[in-house]
Amino acid sequence: MRLFSIKKFLLTSIIFCGIQLNSYAQQQPEFLEYTNSKWVDSVMQELSPNERIAQLIMVAAYSNRDSKHKEEILKLVKEQKIGGLIFFQGTAKKQVQLMNDYQLVSEVPLLGAIDAEWGLGMRLDNTISFPYQMALGAIQDDTLLYKMGEEVARQVKRTGLHMNLAPVVDVNNNPNNPVINYRSFGENKEKVAEKGIAYMKGMQNQKILTTAKHFPGHGDTDTDSHKALPQINHPFTRLDTLEMYPFKELIDAGIGGVMVAHLNIPALDSSGVPSTLSKKIISGILKEKLGFKGLIVTDAMNMKGVTTGNEPGVVDKKAIIAGNDLLEFTEDVPKAIAEVRKAIHQGIISQNDIDEKCRKVLAVKQWVGLNKYEPLKTANIDKELNNSYANYLQQKLVEKSLTVLKNDKEMIPLRRLDTLKIASISIGAAKQTTFQENLGWYTKIDHFQLKNNATAGQISAVKKKLKKYNVVIAGLHDHSRFPRNVIRYSDQVLKFIAEIAQKEHTIFSVFKNPYSLNKISKIEEASVLIEAYQDSELTQQKAAQLIFGGFKADGQLPVSVGEKFKAGDGLETSEKIRFSYTTPEDAGMIADFLQHKIDSLMQQAMGAKAIPGGVVLVAKDEKIVFQKAYGLHKYSDTVKVKLSDLYDLASVTKISSALPALMKLHDQGKFSLENGIDDYLPYFKNSNKEGIPFRQILAHQARFKPWIAYWQNTLRKNGSYKWNTFKKDSSARFPIKVSDDMWLHLNYEKKIYKAIKKSPLEEKAEYKYSGLAFYLLPQIVENLSNEDYRTYLNKNFYSKLGATTLGYRPLEEFEISRIVPTENDFNFRHEAIQGSVHDEGAIMMGGVSANAGLFSNANDLAKLMQMYLNMGKYGGERYIEESTFKEWTKTQFPENNNRRAIAFDKPNLEYTGPGNNTAKDASTASFGHTGFTGTMVWMDPSENLLFVFLSNRVLPSRENRRLYTLNTRTQIQQVLYDAIID
């Protein structure tokens, strides 16, 4: 479960900081202690001179090729006895299988390498890609890079390999660099070195050999060495103090390997040979001047930068003579061995030199554990590689990389959502993007798209539509695999970008290479400018969260962008004010456990037909760490539940509607818990309810009857409806829709009030759950606020929270397909209920009641509940005073064996076993409510934990009580506590 990694996070952070702060003499690579070990000596004795040369050769291997390729590799291993393999494209499972097969026929264990600069995703399908190094260069906390190094190393080892050809420590000081660019940590040599060391140490501490590349520095080139030989014309002093600086620092820090680039550098070697073949550069500078004693590795020996003018085999010989220890991607192994053998006979290189190199390679093999090699199993490999901890780390790295370059008047995080009319436009996209989808989790946003080559007509149409919005959020997308320094927008689109950038209240999130900012006119004039470095699902998600305050930004630009921005630019946003959407580990919970247990309990409930489906949402520390939709709308159809679907909240309405209104009115001195109904509704004077304080009423200790079957009072003895109750068609006198064929008399609400007023009281003043008073609360709110009830709730709560689906009468705003059905009502409405409130009393109130009637999706309901959990604050705004919340959420009459707070439910005063109303570990400070339709919300301040459960257990009939029998909701709630890491 990667629990060990979470527990070690702080400890390793402290250790790493210590490593960074200490000054140290040059550390030698750890593997060197094995160069004369018993195991290395024994292997050397068995190797012939040719076999010792073969140990210096690594050939390319693929796990996505056919059996012919496998036979070619097997032949090289068995006949040429090569030292290792470097793996390229394929899958993790196949790579392990192949490596096991290759190791089986190799007399000396093979050293396996891979280019995993940003993780296995660089080469292998369905594996994790961490951010590119340019994005990592924006991160201020190098501990995260260390942790990334650890995880990358674990993943490389899990796939049967031992060496990562990373990190890149080239200082990218040329914006037009076609081959390094986004693969570099940036243009600041000190930061490149610091981040390279952090990444390297993380890997090497997990026994993966690393190679700093591409020595002596590939950052200031405008030629791709895969295609031609780049030339660097800087003087030695510049190269020594800038390009080579990070390599010196990593060498001093104990890096195991250095990879040499294919470069022509006249100041270091005037002969014009590629640096890979230069004895002056490798032996003279790297080994002698810099004192590097570790493994020197060539860049790929099939690249045009080194092969042009050099035959296969011959070029490998030249690389060995120059001082390289390990040849990567040798194209002709037999000829390479023969050529090196010839050089020995000619006295160009000695056998002792070859033996020394061979011992280095063997020492690396012992250091990584190949002297005790065992085959790897493939079972569960994909799950192990895509583990929850790696996903958590990936998210943290992206969060910490996002760089805010402009934030005029601290526009983000966006506040006062009720005052904003927001449009989003994804430029370079043909359909709604992940960025837009995630923006929509926060509030109502209208979405538009423009393709890279949008026509003038299309652009004009969008410009016209954008005029009615006071905030525009633009995403600049690339959608290419690599964030190269390329702009693919047409001139018309670029002109449009410049126009909207100059308008007030425009937010740009650039999912592109930072250098591209210099190619987009006026973008620096946007009110808000976020650099996201690459266009991935995760960067889009996190950029959306940043805009709304899901987390704080502190990234800093790792490179300069013309005259617009300088390296080091980056603003911190003020605070986290809303939900972030993240992983359980980010909130100290065990993801695998949480996922497995909740899935299991939901499957059990659906299998027992307790519910056809549902949604579970979990938030901790104001972070939504679990949100999943399960099952179907109905047992009999194929419509799957979606996270955006609306559910009938039933009695969760009691704490989600009039209650926050009363608390606010209480803060304003307009409502008191010590007053009675008659103080706010004079109609109730001289009734048996006069003078009963709301503290007792809302704590369900006012002797009120539990409920009244109002609809039954509309029936005659023969089963027909009384004349002044229902008609089949609507009219001015019968305007209240109960069903398509049932329209209620406009004054029937008075009859409900009368029934409540005349209802008898229970004999004892003890806990008795009652919904009667909640039918009266909307009128009280209206009387005290002088506003329409729904308007008041929307203006003061739902709109401000961005809870756009939370409200009454959902069919007025949403398609019926988004609303999950409830009961097939054969008693009252004689129809299947979908889109109107299930509760009979609430529908007779026109669907608007404080007893029931609210609908919502889980995400929007959670915003209100998180405001409660925050004791009245959310989105940077205080809604209700903290003192009020503390009073209203505490048990009011425990001495009377009543667990209830003011309207809120509370845990039983004593735990009653598996059938308890809450999880065993729910604290006494926790509070919430359940709903008849199968809903539940619960908040626990002791753990800053929020639980939302939505279902329609009343389908097809309310007689279905299996959800209660299984106790699914409270069992899931207990899982949340069990998943918290102590």
Side-chain angles (χ1 to χ4, degrees), residues 579 598 602 611 614-620 622-630 643 645-660 663 698 769 771 774 793 797-798 801 803 805-807 820 838-839 850-872 874 879-880 885 888-889 899-907 916-919 921-923 925-953 963-964 967-977:
F579 281 130
I598 295 176
M602 287 298 287
I611 52 175
V615 175
V616 177
L617 181 149
V618 180
K620 189 176 186 301
E622 209 168 24
K623 301 171 181 177
I624 292 182
V625 298
F626 186 94
Q627 188 178 197
K628 189 171 181 179
Y630 295 87
L643 293 176
D645 286 341
L646 283 68
Y647 276 83
D648 182 334
L649 302 184
S651 283
V652 171
T653 302
K654 289 182 171 69
I655 64 167
S656 305
S657 58
L659 188 66
M663 283 193 275
L698 295 177
Y769 181 79
F774 289 88
L793 291 177
F797 297 101
Y798 306 157
L801 290 165
T805 65
L806 180 57
V820 179
H838 174 265
D839 180 81
N851 186 61
L854 282 181
F855 286 73
S856 182
N857 65 27
N859 182 68
D860 283 342
L861 179 59
K863 295 169 187 175
L864 179 65
M865 297 302 121
Q866 186 65 48
M867 184 268 279
Y868 291 172
L869 188 53
N870 294 346
M871 295 289 127
Y874 185 78
Y879 291 78
I880 298 163
F885 255 103
W888 288 45
T889 57
R899 69 176 189 259
R900 291 275 174 167
I902 305 300
F904 291 106
D905 199 1
K906 297 281 288 181
N916 200 59
N917 72 319
T918 64
D921 288 343
S923 78
S926 70
F927 56 94
H929 215 286
T930 56
F932 189 74
T933 54
T935 57
M936 180 177 183
V937 293
W938 210 269
M939 295 132 277
D940 194 338
S942 70
E943 296 287 357
N944 204 4
L945 185 65
L946 166 62
F947 172 47
V948 176
F949 183 99
L950 301 182
S951 76
N952 51 336
R953 70 99 195 161
L963 187 66
Y964 303 147
N967 210 18
T968 302
R969 294 175 293 186
T970 52
Q971 284 201 69
I972 291 176
Q973 187 186 25
Q974 182 59 46
V975 168
L976 314 188
Y977 292 95

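The basis for the numbers below is simple: all heavy atoms, side chains too, and nothing from hydrogens, waters or symmetry mates.
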Donor-acceptor contact present, side-chain Lys906 to main-chain Ser926, <3.5 Å: yes
Aromatic contact, Tyr868 with Phe927 (centres under 6.0 Å): no
Ser942 side chain vs Ser923 backbone, donor-acceptor pair below 3.5 Å: no
Derivation of the side-chain hydrogen bond (donor to acceptor under 3.5 Å, both in side chains) call for Tyr964 and Arg953: CA-CA 9 Å; Tyr964 303 147; Arg953 70 99 195 161; 3.1 Å; yes
side-chain hydrogen bond (donor to acceptor under 3.5 Å, both in side chains) against Asn859, all qualifying residues, sequence neighbours excluded: Tyr581
Test item: Val820 and Asp648 side chains (from C-beta on) under 4.5 Å apart, heavy atoms: no
Ser651 side-chain N/O to Phe932 backbone N/O, donor-acceptor pair under 3.5 Å: no
Side chain Asp860, main chain Thr805, donor-acceptor under 3.5 Å: yes
Side-chain (Ser951) to main-chain (Ile611) donor-acceptor, under 3.5 angstrom: no
Donor-acceptor under 3.5 Å (Ser657 side chain, Lys654 main chain): no
Heavy-atom side-chain proximity of Leu945 to Tyr977 below 4.5 angstrom: yes
Any Met602 side-chain heavy atom under 4.5 Å of Ile972 side chain: yes
Heavy-atom check, side chain of Tyr647 versus side chain of Thr933, under 4.5 Å: no
Option passing side chain to side chain contact (heavy atoms under 4.5 Å, CB included) with Thr935 (candidates Leu861, Val652, Val948): Val652
Note, Tyr769 side chain near Arg900 side chain (heavy atom, < 4.5 Å): yes
Backbone of Pro907 reached by a side-chain donor or acceptor of Thr918 within 3.5 Å: no
Side chain proximity check, Leu854 to Leu806, heavy atoms < 4.5 angstrom: yes
Contact check, side chains of Leu801 and Gln866, non-hydrogen atoms, under 4.5 Å: no
Main-chain N/O of Asp905 paired with Arg899 side-chain donor or acceptor, under 3.5 Å: no
Side chains of Ile598 and Tyr630 in contact at under 4.5 Å (non-hydrogen atoms): yes
Candidate pair Leu950 and Leu649, rule side chain to side chain contact (heavy atoms under 4.5 Å, CB included), full reasoning: CA-CA 8 Å; Leu950 301 182; Leu649 302 184; 3.8 Å; yes
